[in-house]
Number of protein chains: 2
Amino acid sequence: MQKTSIKKRVTLKDVANAVGVHVSTVSRALDPRTRHLITPEVAEQILKASERLDYRQNAAAYSLKTNRTRTIGVVVPDITNPVFPPIIRGVEDALASRGYVAILGNTDGDMRRETGLVETFRSRGVDGLILASVEREDAAVSKLAAEGLPVITVNRRVDDSTVASVVNDEAEGIRRVLTHLVSLGHRRVANIAGPQSLSTGAARYAGFEKYRGPMGLVDDRDLVVFANAFNEAEGERCVEELLACGAEFTAIVCSNDRLAVGAIAALSRHGLRCPEDVSVTGYNDMPMVERMQPPLTTIRIQSNKVGFEAGQLLVKMIERPPGEYEAEHIVLPIELIVRGSTRAIRPPNGRGRETG
Amino acid sequence: MQKTSIKKRVTLKDVANAVGVHVSTVSRALDPRTRHLITPEVAEQILKASERLDYRQNAAAYSLKTNRTRTIGVVVPDITNPVFPPIIRGVEDALASRGYVAILGNTDGDMRRETGLVETFRSRGVDGLILASVEREDAAVSKLAAEGLPVITVNRRVDDSTVASVVNDEAEGIRRVLTHLVSLGHRRVANIAGPQSLSTGAARYAGFEKYRGPMGLVDDRDLVVFANAFNEAEGERCVEELLACGAEFTAIVCSNDRLAVGAIAALSRHGLRCPEDVSVTGYNDMPMVERMQPPLTTIRIQSNKVGFEAGQLLVKMIERPPGEYEAEHIVLPIELIVRGSTRAIRPPNGRGRETG
DNA sequence: TTGTAAGCGTTATCAG
DNA sequence: CTGATAACGCTTACAA
C-alpha cells in the first residue's frame, strides 16, 4: 500500500532511520573514501538499505556544503559547426566516468556572449571550464585562470601560456599538406588563411610562411589572402579576391574544410575545375567531406581525443590539491588524408621544370 | 589595497552588511517577484550594492531551498550525429533566455545508458528532461512523466501519448517525396525503411505504405527492406538486399539521409548511377548533403525549431502550477528540397506509359 | 567506531 | 515594510 504517485525524494535521514543509525554514519558509509571508518557489517546494511530505498545524493546539498558541483562548463562558438560535436563528445566521455557532467553554451563567436556565459557558469559554481571559443587575446580568460579556476582551452589556445590547452599540431599539418602538394609538382601554391585572431588561423598561416620557402614554393604576396571567418562564404570570397589579383596558382591550401568547400564552389563558378585545374586542401576532416565532389584532401585532427584529453586533464586539475602547478599544454598529432581534390599538375607544357 | 587573488564569493550577507539591512531584505529586493514588498529607495541601494560587489546568487543554496535547479537534462543518442546539434542548439537558445541551462548525455542507442543518464540527471535534480533517444516502447519514460517530472521527447515520440513531444510531420514528408517521384514518372519505387522500434522509422514507413497504393505505385513486397539502424552501412546493406532479391525499381525512398548516402554508394559499386539509373531520396536535410555528388533530394526538417519549441514547452510545463495538464504534442511542418539525386525516368523505351 | 552539532547560502514563515 | 528564525540535505570537526 505504498504511495507511488508523489514520491518525496529519499534522504540520508530516511536511510538512517531505516537502518537505525545516525545520518553521519550513513554519509560515511556511502562515501568510499570514508567507508573504512565504519564497521563492515553496518556499512553493508547501510549500502543495502540505500539501494533498497533508492537513495540518491542531493547534489545541491552536497554542493552547498563542499563548494563543489562536479559540473564543468563547456563553451563553444556553435555546436552546429561539425568541428565541435566530436570534441564535446570526448569531453563528456571523459567526465562521465568520473561523475562529472557538462553544461554547454554557444557564443556564435561573440566575445561578449562568451563573457556572459562564463558569468552564468561561475554563478552556478562550475568546478572548471573548457573553452573552445577563445581568441588569442582574451584577458578575461587569463584572469579566470589566475583566480585559480581550472580552465582549459581546446582546439584553440590563448597567447598567454598560463592557461592550459589541448590543441592539434597545426604547423605539422600544414607541413604535411605542403609536402604532399610539392610531391605532386605544385610550385605556385596559394593560401586562404583563417582569421588571425584565432590561434588556429594564426598557427596554420605561420606554418605556411615557415615552410613554403624551404620547400621551394613560389613566394608571392598575392598568393595569400585572409578569411575573416572559417566558413564557406569566406572561402568563396577569398577565391574571388585571389582571382581578381590575377594571381597564378595550381593549388590552394585552405585553413579549414569549410573554406575549402567554399573555395571549390567559387572556382567552379569561374570554370576552374578541382582537381583538374587547381588542387585544393582543407583542414579538420569534418564529417561528409569524403563524400563531396571531389572528396577533399585534408588534415584529420583527433577531435574526440582533443575533448577527451581536455576532460581528463581538467578533472586532474580540479582534484589536485589547490595551488601552484604549471599549466599543461597538450599537442595532438594529426594525419594527412589524401583524397580526390589534389592531383599532380598537368604535364609541363613547354616551360620545362624548375631550376636545379 | 583589496586582495584580488583568492576572492571568496560574495553572499547575500555581504550585501546586507554593506547596505546595513538584513539578508532577508536583500533576498526580497533582488527577486523581481518580491521586490514590491520593500521601499523603493532601499531596493535601489541594495541593487546598487549587489552590482558593485558583484553579487551572484549561489545556485546550490537556491536549489537546496527551493528544490529547483533551473537545469534540464538533454539526452541524445550521439551528439556527433549531425541531426542532433541543431536540435540541441534550439533547446539551449530557448532555455538561455529563461535562465535555464542544459546538461547533456549520449546513449549511443543503448537503452540501459539512457536509464543510467536519467538517473544521474534526476540525482542532480533537473527540473525537466528532453529526450531525443527514446524508443517507441519506453516504460521508464512513461513512468517519469507519470511521476510528475516534466518530460518531452523531441524528433521521436513514445507510443504512450501521455508524454509530450515535438516532432516533424513524417507522413507528410513521405507524401511529398512520393508525389515528387510520381511526377517524375517513377512507378517502381523501393523503400529503405528505418528501424521500426523508433517512431521516425515507423511513421515514415507507415506513410510509404499508406500512400503508395493511392498514388499508383507498384505495390510489391520485395520493394521494402528494413534497416536496423539509421546509418550509412545499413543503407548499403539494404541496397545489396534489394538487388539480391532481384527487385526492379527506378527510385529508392530512404528513411533518412545517412541511409541514402549509403544507398548511393552501394548502387555505384554495382554500376548503377544516381540519378541516371535510379533516383534516391533522403530525409532530414542534414548539413553537407547539398554538396554531395549528386546533391541529395530530401525532406528538410526544422531541427532548430524542434529544439526551440521543446525548450519553450518544457519551461512552460516546469513553471506551470503542478498538477493536471494534457501532454502537448507539437508537429512541425516539413519542406521538400529537390536536388540532383532525383530525375525523370528515362524515356519509355517501347513499353509505353501506364494504363489510363 | 559512532553520535552530536554546526554551518554552507538561500527562501519562507511569522512577528513586529 | 523589515527583521528574526527555521529549514532545505549534506559533510565534517569534535566529542563520546
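Residue numbering restarts at 1 for every chain, and letters A, B, ... go by the order of the sequence lines.
Comparing B/I38 and A/V23 along DNA chain D, the residue whose closest nucleotide (by nearest heavy atom) sits nearer the 5' end is B/I38. Nearer to the 5' terminus of DNA chain C, by closest-nucleotide assignment, is the contact made by B/A60 (compared with the other of B/R33 and B/A60). Residue B/A43 is the one, among B/A43 and B/A61, whose nearest nucleotide of DNA chain D lies closer to the 5' end (criterion: closest heavy atom).
In A/D31, the CG atom is crowded: over 12 heavy atoms of neighbouring residues, nucleotides or ligands sit closer than 6.0 Å.
Across the protein-nucleic acid pair, A/K13 atom NZ and C/dA5 atom C1' stand 14 Å apart, rounded to whole Å. Counting to the nearest Å, the P atom of C/dC8 and the NZ atom of B/K65 are 15 Å from each other. In this structure, CZ of A/R70 is placed 12 Å from P of D/dC10, rounded to the nearest angstrom. The distance between atom CZ of A/R9 and atom C1' of D/dG9, rounded to the nearest whole Å, is 9 Å. Distance CG (B/D31) to P (C/dT13): 13 Å, rounded to an integer number of Å. Distance B/I46 CD1 to C/dT10 P: 13 Å, rounded to the nearest Å. Straight-line distance from the CZ atom of A/R35 to the P atom of D/dT11: 13 Å, rounded to whole Å. Taking atom CZ of A/R68 as the reference point, atom P of D/dC10 lies 17 Å away to the nearest angstrom.
Of all the heavy atoms in A/T153 and A/V163, the pair that sits closest is CG2-CG2, 3.7 Å. The shortest non-hydrogen separation linking B/A59 to A/R124 is CB-CA, 3.8 Å.
Dashed line: the shortest gap from a side-chain N or O of B/H22 to OP1 or OP2 of D/dA4 is under 4.0 Å. Listed pair A/S27 / D/dT11 meets the phosphate criterion, a side-chain N or O lying under 4.0 Å from OP1 or OP2. A close approach under 4.0 Å does not occur between any side-chain nitrogen or oxygen of A/Y62 and OP1 or OP2 of D/dT12. A sub-4.0 Å separation between OP1 or OP2 of D/dC1 and a side-chain N or O of B/T25 is absent. Phosphate proximity of D/dA4 to B/S24: absent, as no side-chain N or O sits under 4.0 Å from OP1 or OP2.
Fit an axis to the five pairs at each end of the helix from C/dT1-D/dA16 to C/dG16-D/dC1 and the two axes sit 40° apart, to the nearest 10 degrees.
A donor-acceptor contact under 3.5 angstrom links the side chains of B/E114 and B/S133, judged on distance only. Residues A/S24 and A/R28 bring a donor and an acceptor atom of their side chains to less than 3.5 Å of each other. Between the side chains of A/S197 and A/E135, not a single donor N or O lies within less than 3.5 Å of an accepting N or O.
B/L64 comes within 4.0 angstrom of a nucleotide base, judged by non-hydrogen atoms across all strands.
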Test A/Y55 against A/R9 for side chain to side chain donor-acceptor pair (under 3.5 Å), laying out the working first. CA-CA 8 Å; A/Y55 167 80; A/R9 251 177 71 167; over 6 Å; no

Collect all protein-nucleotide pairs involving nucleotides 14-16 of chain D in which both atoms are nitrogen or oxygen and the distance is under 3.5 Å.
none

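Screening A/I152, A/I72, A/L144 for a side-chain contact (heavy atoms from CB on, under 4.5 Å) with A/L129, the sole residue that qualifies is A/L144.
A salt bridge (Lys or Arg N to Asp or Glu O under 4.0 Å) check over residues 90-100 of chain B, counting only residues at least two apart or in different chains, returns the pairs B/R89-B/D93.
Put simply, the side chain of B/D78 never gets that close to the backbone of B/D108: no donor and acceptor are under 3.5 Å apart.
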